[in-house]
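Convention: sequence-line order gives letters A, B, ...; per-chain numbering from 1.
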Amino acid sequence: MSNASAMAVRVARHPHVRFLVFGAVLMTLPALASSGIMMTSTLSTLGFTLIYAIVAMGLNLLLGYSGLISLGTAGFMGLGAYLAAYVQDDLGLGFWVAVLAALIVPTFIGLLVGVVSLRVRSIYLAIATLTISEILLKTFEQAEWFTRGTAGKQSSYPVVLGIQTDRSSMFFIIVVALVLVMMLTHNIVHGQLGRALHAMRSSEVAAQAMGVNVLTYKLFAFAVATMYAGLAGALYLFFLKSSYPSTWNLFLSLNVVAMVVVGGLRSIYGTVAGAFVIFAVPELILKELPVIGDTPGLPYIFSGVLIVVVIMFFPQGLRGLTDLLRGLVTRRPSAAASEQAPEEVAAR
Amino acid sequence: MTDVLQVEHLSISFGGLKALDDLSFTVGDSEIFGLIGPNGAGKTTVFNCITQFYRPDAGAVWFAPGADRLARAGHHGTDKVDLVGVPVHRVIKHGLVRTFQNVEIIPELSLIDNVLIGGHIDFKASMLAQMFRLPSSRREEAALREKARGALAFLSIDHLADEPAGGQPYGVRKRLEMARTLMAEPRLIILDEPAAGLNESETEGLAETIRRVRDEYGCSILLVEHDMGLVMNVCDRICAISFGKFLAEGTPTQIQRDPKVHEAYLGERDDV
Ligand SMILES: Nc1ncnc2c1ncn2[C@@H]1O[C@H](COP(=O)(O)OP(=O)(O)OP(=O)(O)O)[C@@H](O)[C@H]1O
Ligand SMILES: [Mg+2]
């Protein structure tokens, strides 16, 4: 093989290039919708799926890599959404400032919560995040100057780089954000930061003996997760053009946990797949089914059952399933036995 | 001979139990020093007090990290520091690193990534530089990966570098834990029962390895071990304790002959 083609293969195998290709494939979806092959409502559902994938990526960093649990995802995501609306529509400061506010403010509040709760023991993070999320939810209902309360905050598609966006172009922006988040997450988990998170999850005692300041890294993971939630909240707002307090409840936080567990802990593509299964499958498929499609609370039942099934039979989630299938196809000993996520193998 | 570690009058109690009672011993430069005692004597507790997982009720843990490390840490006009009160995660910066009685490795990571955890404090690139894979952070990662490969090679497990640590046999995991300590360029390595769970030939290899680490890395080694064959074979000096109290200190021959040591082990084991 020539030098140049060897180089080309190396570039093509680089995980970041794969993320770009993945993003490019997703970018074709709006064309499918506008040409009538796919319903526009389906495009919306997929857009929200990708937004949830972004939040879930943050929770995977917490739950999967660091072994920490947050039940406050919905609150931070909602805060991102309302901040984006407030900055764009009430203050008129535009898209970028809105996104920046949605990134920074939740992260800052998240860090404060982390500093207070993580000093004690990790389990208090669950309680503290649940509490702060409920406080935020009450605030969304009460602070009418900020959120318009239960009447709901209305917004509009943003102007980005001088261009008025619409549903399709917002979908592009969501894809770009997701790809960036995937790259960033990949960088985090495949370097010293990720190893420190792994060490901390595996044994705090050993991690400390190796010089890992456990509090710093817990805060780091928590800050990144909160930042992703804030970003996802802003994207949600711009994609739906409205926000209601009832969206940001505990069920959403639990659903994000379900996405991570079902997709597979510590897997980047798995997280996206988890978001699809937990959010898009009930929307696109279950609701269309005859007889059971009208069952009230069907999505709740679906994610509940899935979590139990996954924990009992597929502890590695969808990621484990793909490894298993690949093992069957190539007839080598089941790759599911090795604990490597596909992208981790690809990184070598 | 200068001393690397001076444990002075160490005491700690848990509830009513005096786990350590006025214990003192010193580990010399390039010395292999054994700490022995019956089950529950307080050996692991000594290690935890030295590495600051436990804060002793009384006593001092004087450690001589070497001139360059002292200067870096801003200590002048002294050649040793008292580790008592140093935050746990800073202890390794002094060149003091340990293994654990029940092997603490990360099963999901490859061997080489596990070793790289041992080099955690050598990463100087900022979090942001790492998140965006800036050239400085990539260079650093590559250099330390090379060093980690060297540590694996030193323990003859470099052929497994990219395998997940979780599936490895016990012997490999123990060697992996040892390789990880080498990343810190240690002045003193503390080994808690390095031979536990190893078969006879592996234990023989271990004695050889411990000496090689001492010779090549120029560090001291403090080990707790129940396998008396290994202890007597590899240690320059030994300290025996029982119920947290000092019993005897000396060369392997002196310890073997000491009546107090015999008494402490009486009825418990007969291989001393
Ligand atoms: N964190 C703790 N809380 C309460 N008691 C403790 C604690 N750590 C140790 N001990 C007690 O201190 C005593 C000494 O324990 P230690 O683990 O140091 O013994 P050891 O010499 O390492 O024993 P072994 O050979 O079995 O490993 C034991 O009685 C143990 O129960
Ligand atoms: Mg012990």
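With sequence neighbours excluded, the residues that form a side-chain contact (heavy atoms from CB on, under 4.5 Å) with A:L219 are A:L111, A:V115, A:L118, A:L215. For A:Q192, the side-chain hydrogen bond (donor to acceptor under 3.5 Å, both in side chains) criterion is met by B:H120, B:Q130, not counting sequence neighbours.
Residues A:V224 and B:M127 are not in side-chain contact: their nearest non-hydrogen atoms beyond the backbone lie 4.5 Å or more apart. For the pair A:Q208 and B:V91, the minimum side-chain heavy-atom distance is 4.5 Å or more.
B:L116 CG to A:M210 CE: the interatomic distance, rounded to the nearest 0.5 Å, is 12.5 Å.
The contact between B:V88 and chain A is made by backbone and side chain atoms together, counting heavy-atom distances below 4.5 Å. Contact of B:R98 with chain A is made through backbone and side chain together, with heavy-atom distances under 4.5 Å. With a threshold of 4.5 angstrom between heavy atoms, A:V214 does not approach chain B through any atom at all. The part of B:I105 that comes within reach of chain A is its backbone (N, CA, C, O), which places non-hydrogen atoms under 4.5 angstrom from that chain. Contact of A:L193 with chain B is made through backbone and side chain together, with heavy-atom distances under 4.5 Å.
Comparing B:Q52, B:R133, B:R138, B:E140 by how many heavy-atom pairs each has under 4.5 Å with chain A, the most go to B:R133. Per-residue counts of heavy-atom pairs under 4.5 Å with chain B were compared for A:T185, A:L184, A:I188; the largest is that of A:L184. When each of A:A207, A:A199, A:G194 is scored by its heavy-atom pairs under 4.5 Å with chain B, the top score falls to A:A199.
The stretch residues 87-114 of chain B participates, sequence neighbours left out, in no ring-ring contact (aromatic ring centres under 6.0 Å, His included) pair at all.
Other residues, nucleotides and ligands place more than 12 heavy atoms under 6.0 Å from the CZ atom of B:R214. Counting heavy atoms of neighbouring residues, nucleotides and ligands inside a 6.0 Å radius, atom CZ of A:F108 does not exceed 12 of them.
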Q: Apply side chain to side chain contact (heavy atoms under 4.5 Å, CB included) to the pair A:Y65 and B:E108, showing each step before the final yes or no.
A: CA-CA 10 Å; A:Y65 289 90; B:E108 292 84 2; over 6 Å; no
(Q) Between B:N114 and A:H198, does the side chain to side chain contact (heavy atoms under 4.5 Å, CB included) criterion hold? Intermediate values first, please. (A) CA-CA 10 Å; B:N114 266 282; A:H198 271 289; over 6 Å; no
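Nearest heavy-atom pair across A:A196 and B:I117 is N-CD1, 4.1 Å. Summarising the geometry of B:E141 relative to A:H190, their closest heavy-atom pair is OE2-O, 4.3 Å, with the distance given to 0.1 Å.
Contacts of residues 173-193 of chain B with chain A at a heavy-atom distance below 4.5 Å involve B:R180, listed in sequence order.
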